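Predicted, not measured: the structure shown is a model, and the values here were computed from it. Throughout, protein chains are lettered first and strands after them, A, B, ... in sequence-line order, and every chain is numbered starting at 1.
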2 protein chains.
Amino acid sequence: MATVPRIDTRRTLTLRDVSEASGVSEMTVSRVLRNRGDVSTATRDRVLKAAKTLGYVPNKIAGGLASQRVNLVAVIIPSLSNMVFPEVLTGISEVLEDTGLQPVVGVTNYSPEREETVLYEMLSWRPSGVILAGLEHTDAARAMMANAGIPIVEIMDVDGEAVDSVVGISHRRAGMEMAKAIVAAGYRRIGFVGTMMPHDHRARKRMEGFAEGLALAGLRLEDSEFYSGGSALLKGREMTEALLSRRPDLDFIYYSNDMIGAGGLLYCLDKGIDVPSRLGLAGFNGVELLDGLPVKLATMDACRLEVGRRAAEIIAGKGPTGATPGQRIELTPRLEPGETIRAPR
Amino acid sequence: MATVPRIDTRRTLTLRDVSEASGVSEMTVSRVLRNRGDVSTATRDRVLKAAKTLGYVPNKIAGGLASQRVNLVAVIIPSLSNMVFPEVLTGISEVLEDTGLQPVVGVTNYSPEREETVLYEMLSWRPSGVILAGLEHTDAARAMMANAGIPIVEIMDVDGEAVDSVVGISHRRAGMEMAKAIVAAGYRRIGFVGTMMPHDHRARKRMEGFAEGLALAGLRLEDSEFYSGGSALLKGREMTEALLSRRPDLDFIYYSNDMIGAGGLLYCLDKGIDVPSRLGLAGFNGVELLDGLPVKLATMDACRLEVGRRAAEIIAGKGPTGATPGQRIELTPRLEPGETIRAPR
DNA sequence: CCGAAAACCGTTAGCGGTAACATAACGCTT
DNA sequence: AAGCGTTATGTTACCGCTAACGGTTTTCGG
């Protein structure tokens with residue numbers, strides 16, 4: 001290990017320390033460290049050297065207060081254990097990377113109250129923008145966002161009214177498209193397996209759209225199963241078994257996400273159920289995991305990376321406050337039929 | 001720009017606005033909002049009402065500067081797409097929840113330089129503590145942490161020298177234990193499939209410990225495959241196929257994580273390879289996903305939740321700076337033999 | 001060689017809170 | 001009614017940094 005520079009452990013360093021060590025004013029040090037304003041190369045080098053040997057770390061708290069600018073972007077999502085959200089984050093980070101903006105993540109666990117709290121906390125840091133999942137929020141949360149005077153981007157869902165900008169897909173439409181594809185392929189007795197979470201509005205909307213799509217063909221959901229908690233893969237297995245034992249005549253099961261869909265698929269393979277002839281299956285999300293399964297599950301890509309990117313672009317490109325009117329970007333998920341839906345007849 | 005900007009009549013609110021609206025001093029408002037010091041119930045109510053109707057959101061930037069205290073804890077991890085880290089985060093959040101401390105996550109993508117940058121950024125917000133994965137850091141990063149004057153907890157790995165406190169398991173030992181178990185079960189021709197990432201030190205240490213464990217029994221790794229990028233499940237499949245086609249005589253494969261292990265397992269099931277008699281398999285991490293597989297993969301739990309919890313406790317319980325000497329907490333992962341290692345003979 | 005522009009660097013005045021220290025108001029005892 | 005400990009509120013002085021502006025020096029065309 002290299003030797004650590006000698007440091008006065010008593011006090012944390014300030015610009016003053018660097019200024020004294022390099023014989024210039026604090027203002028000049030500030031300019032050097034921010035790369036702003038004119039500073040001669042000679043003094044710049046001197047200052048940088050001093051800052052480095054002292055081990056000076058700027059204080060953004062003070063800087064932010066003085067400049068009234070904070071390079072943070074609040075990102076508020078329901079969960080980290082659903083791989084969907086880390087992927088959105090990746091898209092966001094990618095874009096923010098070279099804008100000097102930094103994402104700060106908050107997690108709500110699908111609780112609107114928690115979301116409100118997290119939002120409040122985040123806003124109290126006066127971020128440059130907010131990206132948050134969904135269009136459903138408490139009134140207080142809406143009010144806070146409307147008054148914050150910074151760009152707000154609601155993501156992942158466009159079925160509803162946005163506070164400012166919105167980037168996402170229509171889950172209602174996604175569900176409907178899937179229903180149409182299934183019907184077109186000739187399936188008629190259709191079941192559903194989904195999450196029980198009352199606050200997963202996107203899953204709900206997908207199911208509603210799906211049911212609506214079936215209705216257009218004069219069909220309806222024959223039966224459904226809901227779960228909460230536990231290993232999604234395992235639950236998919238169990239729910240599928242439960243559903244099929246109750247309704248062995250089903251010829252299709254639509255899952256509210258790929259993970260439980262994969263569980264269902266593995267169950268069918270296990271039991272020797274003929275997929276997709278005897279039983280068709282489809283999930284939602286287009287997760288990478290599916291690539292590794294023995295049979296590729298039908299799914300619909302939710303454009304997660306793209307959603308993150310576009311949202312970040314809005315934040316990064318937008319003027320200080322309401323300069324641009326709220327944008328509405330609806331992406332179109334594409335159906336990936338995989339090998340668990342038979343060809344349309 | 002020539003256009004007159006639309007004047008935002010709602011300047012962002014300050015304590016002064018609330019104080020004027022409620023007819024007390026700013027100081028009193030501050031006391032009410034922080035629940036600190038004595039304030040009569042009457043004025044407290046008045047202030048809270050005013051703050052609420054105005055929609056006031058405190059400014060932590062200013063507050064932090066004045067009080068020299070910031071309720072943030074920097075958490076720096078390599079990735080969010082490896083489910084291990086979100087789980088650690090869960091443990092951290094659980095504990096911090098009721099301490100008033102708030103985690104802020106930074107991601108390094110396994111790059112030491114990126115880690116250094118992220119750390120610098122984080123420290124510039126003057127957090128109350130830092131939790132970061134691993135013991136390997138750049139010299140500059142080490143120096144920053146040593147000088148920060150706040151508790152630092154390095155997590156997930158104890159094989160090395162810590163800056164301050166450390167909570168984790170010994171991956172070297174984990175690898176060795178697995179090797180011993182495998183040897184005890186009678187396997188002799190053993191292969192390895194792992195990641196290529198040069199900076200995943202924990203995976204490396206596991207492999208080293210594993211090799212060492214084999215050596216104790218006079219054995220060695222017969223062959224190995226490394227991958228990077230892509231769907232881990234799919235890669236597990238492909239690597240297993242590659243390895244077995246090269247060395248069909250192998251009777252065991254050790255995977256550097258559960259995800260690729262699961263891929264390998266699915267491959268074997270597909271091909272009708274007799275697991276665990278003809279070929280044994282084991283992964284690492286104890287991920288929830290495994291519960292949903294047709295056959296339960298042998299693995300070793302990395303105590304992720306517990307690691308997060310203990311780390312957070314150290315941060316939460318610790319005095320301002322170096323009050324407690326650095327702690328060293330080594331947890332013991334337990335082997336979960338599953339159904340892919342045959343019984344010891 | 002002059003004068004104006006550009007380059008360089010310092011001074012001043014906060015940013016919006018809070019710690020610490022007054023100060024005022026209020027019981028309650030004696 | 002004076003005395004005194006609480007309780008409730010106000011005042012003052014920063015926290016560490018940067019915007020805005022000012023002063024001084026250098027550069028350079030004419």
Side-chain angles (χ1 to χ4, degrees), chain A residues 8 10-48 50-51 54-71 100 121 123-128 148-149 320, chain B residues 10-48 50-51 54 56-71 100 121 123-128 148-149 320:
Chain A
D8 183 357
R10 277 200 312 267
R11 214 168 26 81
T12 83
L13 297 165
T14 73
L15 272 191
R16 154 151 260 119
D17 296 296
V18 182
S19 93
E20 281 170 0
S22 52
V24 296
S25 73
E26 303 176 33
M27 195 58 225
T28 300
V29 177
S30 171
R31 279 192 268 253
V32 170
L33 269 57
R34 286 177 301 147
N35 235 329
R36 194 144 306 177
D38 301 311
V39 182
S40 71
T41 331
T43 55
R44 148 162 286 120
D45 291 346
R46 206 141 36 88
V47 167
L48 284 177
L54 287 176
Y56 174 72
V57 177
N59 185 330
K60 290 210 180 178
I61 303 273
L65 183 60
S67 68
Q68 303 284 41
R69 260 181 288 104
V70 172
N71 70 333
E121 287 285 316
L123 287 181
S124 74
W125 287 105
R126 301 288 187 270
S128 302
Chain B
R10 261 187 339 260
R11 206 171 27 84
T12 82
L13 298 165
T14 73
L15 271 192
R16 152 152 262 117
D17 296 295
V18 182
S19 94
E20 280 168 0
S22 52
V24 295
S25 73
E26 304 174 33
M27 196 58 227
T28 301
V29 177
S30 171
R31 277 193 267 256
V32 170
L33 269 56
R34 285 179 301 148
N35 238 327
R36 195 145 304 181
D38 300 309
V39 182
S40 72
T41 332
T43 55
R44 148 163 284 118
D45 292 346
R46 205 142 37 88
V47 168
L48 285 177
L54 287 177
Y56 173 72
V57 176
N59 185 330
K60 292 210 180 179
I61 303 272
L65 182 61
S67 68
Q68 302 284 35
R69 259 181 287 104
V70 171
N71 69 336
E121 286 285 314
L123 287 181
S124 75
W125 288 103
R126 300 288 185 267
S128 302

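Residue A/Thr43 places at least one side-chain N or O under 4.0 Å from the OP1 or OP2 atom of C/dC9. Phosphate contact (OP1/OP2 of C/dG10, side-chain N/O of A/Ser25, threshold under 4.0 Å): present. Under 4.0 angstrom from either OP1 or OP2 of C/dG17 there lies at least one side-chain N or O belonging to B/Tyr56. Residue A/Ser30 places none of its side-chain N or O atoms closer than 4.0 Å to OP1 or OP2 of D/dC17. Within the structure, a side-chain polar atom (N or O) of B/Ser40 is placed less than 4.0 Å from OP1 or OP2 of D/dT9. At D/dC15, none of the side-chain N or O atoms of A/Thr14 fall inside 4.0 Å of OP1 or OP2 (strictly under the cut-off).
Between A/Ser67 atom OG and A/Arg36 atom CZ the span is 9.0 Å, to the nearest 0.5 Å. Going from atom CZ of B/Arg31 over to atom CZ of B/Arg44 covers 11.0 Å, rounded to the nearest 0.5 Å. Atoms CZ and CG, on B/Arg16 and B/Leu13 in that order, are 13.0 Å from each other to the nearest 0.5 Å. Atoms NZ and CZ, from A/Lys60 and B/Arg126 in turn, are 11.0 Å apart once rounded to the nearest 0.5 Å.
Side-chain proximity of B/Ala66 to D/dA20, D/dC17, C/dG17: nearest is C/dG17. When distances run from any side-chain atom of B/Glu26 to the nucleotides C/dT11, C/dC9, C/dG17, the shortest one goes to C/dG17.
In this structure, A/Thr14 and A/Tyr56 approach most closely via the heavy-atom pair C-CE1, 3.5 Å.
For C/dG17, its base never sits under 3.5 Å from the side chain of B/Arg34 at any donor and acceptor pair. Remark: the A/Arg31 side chain and the C/dG10 base include a donor-acceptor N/O pair separated by less than 3.5 Å.
Across all strands shown, A/Arg69 has heavy atoms under 4.0 Å from sugar-phosphate atoms exclusively, and none from any base. Note on B/Asp38: a base of the nucleic acid sits closer than 4.0 angstrom, heavy atoms only.
The residue among A/Val29 and B/Gly23 whose nearest nucleotide of DNA chain D is located toward the 5' end is B/Gly23. Nearest-nucleotide positions on DNA chain D place B/Val39 closer to the 5' end than the other of B/Val39 and B/Gln68. Remark on DNA chain C: of its neighbouring residues B/Ile61 and B/Arg36, the 5'-side contact belongs to B/Ile61, judged by nearest-heavy-atom nucleotide.
Panel note: side chain A/Ser124, backbone B/Val57; no donor-acceptor pair is recorded below 3.5 Å.
Between the CG atom of A/Asn35 and the P atom of C/dC9 there is a distance of 14 Å, rounded to whole Å. Rounded to an integer number of Å, the gap from B/Leu15 CG to C/dA19 P is 12 Å. Regarding A/Leu65, its CG atom lies at a distance of 12 Å from the P atom of D/dG16, rounded to whole Å. At whole-Å resolution of the value, CE in A/Met27 and P in D/dG22 are 15 Å apart. Going from atom CH2 of A/Trp125 over to atom C1' of C/dG17 covers 12 Å, rounded to whole Å. Separating the CZ atom of B/Arg16 from the P atom of D/dT11 is a distance of 11 Å, rounded to the nearest angstrom. We find that CG of B/Leu13 is positioned 16 Å from C1' of C/dC15, with the value rounded to whole Å.
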